Student: 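One structure, as structure tokens, below. Some questions next.
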2 protein chains.
Amino acid sequence: MLCGVSARPQPPESLPGGTADDAFRSDCLARVVLDHVTSRWGVLVLTGLAAGPLRFHELRTKIEGISEKMLSQTLRTLVRDGLVERTVEPSSPPRVSYSLTPLGEGLTRPLQQLFVWIRDHAQLVSAAQDRHDTRSDGQSD
Amino acid sequence: MLCGVSARPQPPESLPGGTADDAFRSDCLARVVLDHVTSRWGVLVLTGLAAGPLRFHELRTKIEGISEKMLSQTLRTLVRDGLVERTVEPSSPPRVSYSLTPLGEGLTRPLQQLFVWIRDHAQLVSAAQDRHDTRSDGQSD
DNA sequence: ATAGGAGCTTACTTTTAGTAAGAAGCGATA
DNA sequence: TATCGCTTCTTACTAAAAGTAAGCTCCTAT
């Protein structure tokens, strides 16, 4: 469960594609975190909260297609991971809102870059799919 | 299927957390791409290839825990998406190697930043989990 | 010929996600 | 006060995705 996990924050010199490989080992903390973050809805929830706190149903509305069950489940995981904070306002009907913790905010920087890349290149990917499908005929997505 | 997808590459001015929301709509190309990229093994495969081309079994070894079926399946999806290229060397036993396309290489930049963040903060997340579990007692991962 | 490795694919099982319904707590309405 | 509706979830039940294990084809080495 511990792998090469050390307490030192490690300077980011190993960016160029050589190291940062912790997540490749299946018994590493990094892999667990990666799994949570890139879980089906994790990325969307984290990025959805990047612009500010939202209540349960606001999030559910923002993230089209998520079920209440999965939203609830994903939020619980992220709260446990210390990435998201659950706040209950003690108002008459108690309102529950979710926001990023400082830790979670740090995470959204790479995630938002991913979103930007995807937004800017989605059509290229789609075009590649079309080319592939016409070339080798047959299957769709 | 088309959503707000336009052919323009859109300047990245909308980074600060406001826009880049395409992926939030379930019928958008961006959502499909996000699903493929952040699929259970997609991130690992893409990042695994960031350092250079690898053959099937090399990848399988590098990405601990992936089954041959899922590696094969994930690779097929990414090849179709134009992010990964499959090359068959016409040598005596034909060797199949996989590499990132230029498109795929662009993607690995945000992904590697994600990996670096996770590597550097995995212990913090783990600590948060421990705090959470001792506070509210009970459940594990 | 026989064995063994590479690169997959196919059947079958387990895990995970989706659907739909409902419970608990409150407020307003009739 | 009784019913309705809103919010935040939870709980069965079903469908889809991933895991497991075996096998298949093509090749080479023994």
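All figures in this text were calculated on a predicted structure; none of them were measured in a lab. Chain letters run A, B, ... following the sequence lines, proteins first, then strands; residues in each count from 1.
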Student: Can you name the closest pair of heavy atoms from A:V43 and A:T38 and give their distance?
Tutor: CG2-CA, 3.8 Å
Student: Just to verify, what does B:E68 make a salt bridge (charged side-chain N to carboxylate O under 4.0 Å, His left out) with, not counting sequence neighbours?
Tutor: B:R60
Student: What does the B/S/- profile of nucleotides 6-24 of chain C look like, 5' to 3', with a 4.0 Å heavy-atom cutoff to protein?
Tutor: SBBB-B-----BBB-----
Student: Looking at every non-hydrogen atom in both residues, tell me the closest pair between B:R86 and B:V88 and how far apart they are.
Tutor: NH2-CG2, 3.6 Å
Student: For A:R31 and B:W41, work out which heavy atoms get closest and say how close.
Tutor: NH2-CZ3, 2.9 Å
Student: Is B:P110 close to A:F115 at the side-chain level, that is, under 4.5 Å between some pair of heavy atoms?
Tutor: no
Student: Starting from P on D:dA18, measure out to NE2 on B:H36 and report it in whole angstrom.
Tutor: 10 Å
Student: Which whole-number value in Å describes the distance from A:L54 CG to D:dT7 P?
Tutor: 14 Å
